[in-house]
Amino acid sequence: MTETSDTRSAAGAAQEAPQSRLQRLMRYIPLIAPVLLWAVPCWVLLHTGQRWPLPVTLIGTALSVLGMAGMPLAMVRGHGRRQRDRAAIVGDTLLGCVWVLFTWSVLLGVLLRLALTVGGVGDGQDRARIVTWAVLGVAAVLLAGGYAEARRVPRVRRLDVELPRLGAGLDGTRVVLITDTHYGPLDRARWSARVCETVNTLEADLVCHTGDIADGTAERRRAQAVPLGTVQATRARVYVTGNHEYYSEAQGWVDLMGELGWEPLRNRHLLLERGGDTLVVAGVDDVTAESSGLAGHRAHLAGALRGADPDHPVLLLAHQPKFIDRAAAHGIDLQLSGHTHGGQIWPFHYLVRLDQPAVAGLSSHGARTLLYTSRGTGFWGPPFRVFAPSEITLLVLRSPRRSG
């Protein structure tokens, strides 16, 4: 099945109107979000009947206003053209903290206050202060735990995946998936080395990295990425680009991964053969590649499968889960993706779900296509993971024709 330029043009025209409305709405989010994120906790914690001493109210309000102005400024300086790592760390940390504070100010500000009122606990001031201390306590616990979870070496998540077309000779093939390492402002070279050591204990036949290696250019983040060169696999180590590569000179990352011994699958495939059976391992550039303007970069599944025997099962690497529609249309057996981070900080996964068909885990699409979405190995931006633990994934491929 070949995707023609006319087909892509028609699809693009059909989606142009809703996308343009969404894009217009998205323009205002950077202006509105900081105000809401800081104003809501300020109001709930300080100005809803607590009657704190005046200095407490003034200091708390001033800190909220400072955060409202300082967080966007730090993030622009950290992630804009200048890419100041210290500014990025400050801005990202503030974003994670205020997101947790905002979430629990809303939840406990409504639910706990209602429960205290129904239970007849104290007067209005007592209830308001209980809510304040509860929000601060819950936020502190979640942020401390979330920071530890983000900085730890991920746990290994193992699952068996049966592919109906997989030959018996390939039964038991061990595929390790890492993704979204996001090497960035916080130096994680030691963490990177420990992740690679863990991968090497899994005796993988195939190791896959499905993109978003880093935030920053290959030259800038090289020291953190170099341990990837120590990863071991009996057959191959394969890599596809993620959307963040296209913010940071993607070709530099493709070249570095090749230098480290990984096989960049840029709209092409290789064959994994064992016991007389064959598995096609294909990869595509991220769906944002074409709009990046980088010559030769685009997501082209037909090109990735060109020359492959259609009777062989296909394992596809595609950074974003939403590529699954194209994969299912082509009859792909299993797509491996990342991108979502499992939401990273609860309840952000509800927003991720608006853009992606899956947030984490194994799901079925179309007649025979399976999708595995990893929660990611690292983290982006805020150094926290709340109710969305990171993972190194071991998928053991199973054939329905395997011996008992």
Side-chain angles (χ1 to χ4, degrees), residues 1 156-179 196 198-210 228 230-240 257-258 261-284 301-319 321 323-324 326-338 361-374 391-404:
M1 178 176 176
V156 175
R157 184 180 186 192
R158 173 188 167 135
L159 68 159
D160 289 2
V161 181
E162 183 173 284
L163 301 181
R165 298 201 302 156
L166 190 73
L170 288 164
D171 179 68
T173 298
R174 298 168 71 84
V175 179
V176 171
L177 171 61
I178 58 175
T179 184
C196 295
T198 301
V199 169
N200 288 341
T201 66
L202 301 179
E203 301 177 342
D205 298 300
L206 179 71
V207 180
C208 309
H209 195 307
T210 53
L228 292 172
T230 67
V231 168
Q232 299 170 9
T234 61
R235 299 305 177 93
R237 298 173 294 171
V238 291
Y239 155 74
V240 293
M257 289 298 278
W262 290 68
E263 193 79 29
L265 293 181
R266 299 199 48 247
N267 304 318
R268 64 187 190 87
H269 69 270
L270 52 80
L271 302 179
L272 195 159
E273 299 173 323
R274 191 175 72 186
D277 291 307
T278 301
L279 174 68
V280 177
V281 181
V284 292
L301 182 54
L305 298 177
R306 187 175 294 119
D309 188 332
D311 292 331
H312 291 157
V314 180
L315 170 66
L316 174 69
L317 276 62
H319 177 65
F323 197 81
I324 193 63
R326 299 187 218 181
H330 280 76
I332 299 300
D333 297 84
L334 174 62
Q335 175 179 314
L336 303 183
S337 298
L362 192 66
S363 55
S364 180
H365 302 264
R368 72 178 182 214
T369 304
L370 295 176
L371 165 67
Y372 184 80
T373 306
S374 169
E391 64 178 81
I392 296 168
T393 317
L394 171 61
L395 301 105
V396 181
L397 305 186
R398 293 298 183 187
S399 168
R401 295 179 290 280
R402 64 184 182 272
S403 61

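Since the model is a prediction, treat every value here as computed from it, not as a measurement. If you read the sequence from its start, that first residue is 1, and numbering goes on from there.
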Could you check whether any side-chain heavy atom of Leu202 comes within less than 4.5 Å of a side-chain heavy atom of Asn200, counting everything from C-beta outward? no

From Leu371 atom CG to Leu334 atom CG, the distance as rounded to the nearest 0.5 Å: 8.0 Å

Could you state the interatomic distance from CD1 (Ile178) to SG (Cys196), rounded to the nearest 0.5 Å? 6.0 Å

What distance do Leu177 atom CG and Ser374 atom OG have between them, rounded to the nearest 0.5 Å? 5.0 Å

Compare all side-chain heavy atoms of Arg266 with those of Val240 and state whether any distance is below 4.5 angstrom. no

Any side-chain heavy-atom pair of Leu206 and Leu272 under 4.5 Å: yes

Residues in side chain to side chain donor-acceptor pair (under 3.5 Å) with Asp205, at least two apart? Thr234

Is Leu279 close to Leu271 at the side-chain level, that is, under 4.5 Å between some pair of heavy atoms? no

Donor-acceptor under 3.5 Å (Arg174 side chain, Leu395 main chain): no

Quick one, Ser363 and His365 - any side-chain contact, counting heavy atoms below 4.5 Å? yes

His269 side chain to Ala304 main-chain N or O, any donor-acceptor pair under 3.5 Å? yes

Could you pull out the closest heavy-atom pair between Ala327 and Leu301, with the gap in Å? CA-CD2, 3.9 Å

For a side-chain contact (heavy atoms from CB on, under 4.5 Å) check, start with the C-alpha distance between Arg158 and Val396, then their side-chain angles and the critical distance, and finish with the verdict. CA-CA 8 Å; Arg158 173 188 167 135; Val396 181; 3.8 Å; yes

Looking only at atom types and distance, does a side-chain atom of Thr173 sit under 3.5 Å from a main-chain N or O of Leu170, one as donor and one as acceptor? yes

CZ-CG distance between Arg268 and Leu270, expressed to the nearest 0.5 angstrom: 6.5 Å

Determine, stepwise, if the pair Thr278 / Asp309 fulfils side-chain contact (heavy atoms from CB on, under 4.5 Å). CA-CA 9 Å; Thr278 301; Asp309 188 332; over 6 Å; no

Nearest non-hydrogen partners of Asp333 and Pro313, listed with the distance: OD1-CA, 3.2 Å

Roughly how far, to the nearest 0.5 Å, is CD of Gln232 from CZ of Arg237? 8.5 Å

What pair of heavy atoms forms the shortest contact from Pro321 to Gly338, and how long is it? CD-O, 3.5 Å

Can you tell me how far SG of Cys208 sits from CH2 of Trp262, rounded to the nearest 0.5 angstrom? 7.5 Å

Show the nearest heavy-atom pair for residues Ala282 and Leu265, with the distance to one decimal. C-CD1, 3.9 Å

Is any side-chain heavy atom of Leu394 closer than 4.5 Å to a side-chain heavy atom of Val175? no

What residues, two or more places apart in sequence or in another chain, satisfy side chain to side chain donor-acceptor pair (under 3.5 Å) together with Thr230? none

Val161 vs Tyr372, test: side-chain contact (heavy atoms from CB on, under 4.5 Å). Steps then yes/no. CA-CA 10 Å; Val161 181; Tyr372 184 80; 6.0 Å; no

Check whether any side-chain heavy atom of Leu315 lies under 4.5 Å from a side-chain heavy atom of Val280, and answer yes or no. no

Check: Asp171 side chain, Ser399 main-chain N or O, donor-acceptor pair, under 3.5 Å: yes

Do side-chain atoms of His330 reach the backbone of Arg326 as a donor and acceptor pair under 3.5 angstrom? yes

Minimal heavy-atom distance between Asp277 and Gly169, with the atoms involved, is OD2-N, 2.7 Å

Is any side-chain heavy atom of Pro164 less than 4.5 Å from a side-chain heavy atom of Leu166? no

Mark yes or no for whether His319, through its side chain, and Thr210, through its backbone, hold a donor-acceptor pair below 3.5 Å. yes

Backbone N or O of Arg157 within a donor-acceptor pair of the Thr393 side chain at under 3.5 Å? no

In plain terms, say whether Glu263 and Arg235 are close enough for a salt bridge, that is, a side-chain N and a carboxylate O under 4.0 Å apart. no

